[in-house]
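No experiment lies behind these values; they were computed from the predicted model shown.
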Amino acid sequence: MAKSIKETLLGTLVHGEEILENIRVMREVSQDKITAGNEADVRIAPLHTKELNLVVSSVADTGKQAKVIRLSSQNGYLPPFEAGQYINLFTEIDGVRTSRPYSICSSPRQRAYYEITVARTKDGFVSDYMLDEVKEGDTFTANGPAGVFRYQPVFHSKRSLFLAGGSGITPFMSMLREIIDAGLDREVTLLYGCRNVENALFHEELSGYAAEHPNFTYHLVLSDSAEGWSGEQGFIDAARIARLVPDFSERTCYICGPQVMNDFCKSELLGMGVPLKKIRREMFGAQRDITKEPGWPVDLTGQEIFRLTVDGRVIEAKSGESLLTALERAGVRVNVCCRSGECSLCRVKLVSGKVFLAQGILQRKADEAFGYLHSCKSYPVSDVEIML
């Protein structure tokens, strides 16, 4: 019988024949995942499932224009995740199928459910639906868990600086709950920026953690003036970081919040001499008003309607909305996950026309060379033709 390439190469090693004999014996007596045909794929599939079928098991109102939604599996199994990751939840509203990524805020140490926190946003197409309509027993499909905003023990410091803004607190809650519940050997300082105490999600829980656990320090930073407030007030700038976290240079820094806050904190850290490799960021979509982003064409208001041709079909696309949004409104299915220009699943090929690219896109060199765009962060500034 002719030998395979692997067998031929192994046979050239000093102990090659011995290795080949061991493999032969293992195939006969063992169900080892490496040698059992496609069994490895079968075992791995539940850990990296393409689609989750979820059911709402509870909805809790925080009283802060946000709700905590607990999602369980319809088939009794949820894939494990790392603290800081998210799921991309699909829904259909008024005939429009769309999705939104939500960070998991529950601890990865429990596997019975995922918890997400949905905060109301101005003119929020999906957030209004999630807060006003979703109830126990409703079902969703989702991608995930996904994302790289997480602690990497190989090269991240055990001492962390968390900088959160608004609903950007959610991935940090998962991280903190795991650290505290499991008694992990890590030290965390959290600076949480909010307009006021009334909108500070998990403020009471975070204050309790800080009072009970010496390895966790918490500072709420209010941007609005508040009568009787004796805590931090202003912005999370370099001076405040240096004062509250004097050992900032020895920490790995994590930022999550609105893009304006995200960009500001990154700039402040870089100005303090923190190297880029020690700054980890999670983006929550593009800027709400894309016309305010640097480089936006001054002659466009964001309300212009252009023709978007996709695979021979013509649909309307508003300049102030992403190509992805225009496609979803027209019922065109696009593979999508992060909606922040990072995962690259929503790529489309630009055939003709001009688009405005928002900041924060992690575009591959090959995509640039062959004209592929992240549709979630590409905005039409002329009539456009694309290919899916």
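Between the side chain of S103 and the backbone N or O of C105, no donor-acceptor pair lies under 3.5 Å. Here the side chain of K354 pairs no donor or acceptor atom with the backbone of V381 at under 3.5 angstrom. Using a distance-only test at 3.5 Å, with no hydrogens or angles considered, no donor-acceptor pair links the side chain of N199 to the main chain of N196. At least one donor-acceptor pair closer than 3.5 Å links the side chain of R150 to the backbone N or O of G147. Side chain of R329 to backbone of V96: no donor-acceptor contact under 3.5 angstrom is found. No donor-acceptor pair closer than 3.5 Å links the side chain of D367 to the backbone N or O of Y372.
A salt bridge links E187 with R251; the closest basic N to acidic carboxylate O contact falls under 4.0 Å. A salt bridge links R243 with E232: the closest approach of a Lys/Arg side-chain nitrogen to an acidic carboxylate oxygen falls below 4.0 angstrom. Look at E293 and K377 and you find no salt bridge, because none of the NZ, NE, NH1 or NH2 atoms lies under 4.0 Å from a carboxylate O.
Partner of L323 under the side-chain contact (heavy atoms from CB on, under 4.5 Å) criterion, chosen from L308, V334, V310, L350: L308.
T309 pairs by the side-chain hydrogen bond (donor to acceptor under 3.5 Å, both in side chains) definition with nothing, not counting sequence neighbours. Applying the side-chain contact (heavy atoms from CB on, under 4.5 Å) test to A200 and every residue at least two apart in sequence or in another chain returns Y192, C194, H203, L220. Residues satisfying the side-chain contact (heavy atoms from CB on, under 4.5 Å) test with R281, not counting sequence neighbours, are I255, N262, D263, K266, I279, M283. Residues satisfying the side-chain contact (heavy atoms from CB on, under 4.5 Å) criterion with Q110, sequence neighbours excluded, are S106, A112, Y113. For D185, the salt bridge (charged side-chain N to carboxylate O under 4.0 Å, His left out) partners two or more places apart in sequence, or in a different chain, are K158. Evaluation of the salt bridge (charged side-chain N to carboxylate O under 4.0 Å, His left out) rule for D383 yields no partner, not counting sequence neighbours. For D181, the side-chain hydrogen bond (donor to acceptor under 3.5 Å, both in side chains) test picks out no residue, with sequence neighbours left out. Every ring-ring contact (aromatic ring centres under 6.0 Å, His included) that F172 has, sequence neighbours left out, goes to F149, F162. Contacts of T252 classified as side-chain contact (heavy atoms from CB on, under 4.5 Å), with partners at least two apart in sequence or in another chain: H156, S157, Y254, R280. Every residue two or more places apart in sequence or in another chain that forms a ring-ring contact (aromatic ring centres under 6.0 Å, His included) with F81 is listed here: Y114.
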Extract all donor-acceptor atom pairs below 3.5 Å that involve side chains of residues 51-61 and protein atoms in other chains or at least two apart in sequence.
unit_1	atom_1	unit_2	atom_2	d
S57	OG	R70	O	3.3
S57	OG	S72	OG	3.3
D61	OD1	G63	N	2.8

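Using a 30° and 60° split on the angle between ring planes, F216 and Y218 fall in the parallel class, below 30°.
Within the structure, every pair that satisfies the side-chain hydrogen bond (donor to acceptor under 3.5 Å, both in side chains) test and touches residues 310-319, not counting sequence neighbours, is listed here: E304-S319.
Side chain to side chain, T170 and T117 fail the donor-acceptor criterion of an N or O pair below 3.5 Å.
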Practice task
Please assess E204 against K64 for the test salt bridge (Lys or Arg N to Asp or Glu O under 4.0 Å), listing each intermediate value before the final yes or no.
Solution key: CA-CA 12 Å; E204 294 75 18; K64 299 183 177 184; 3.2 Å; yes
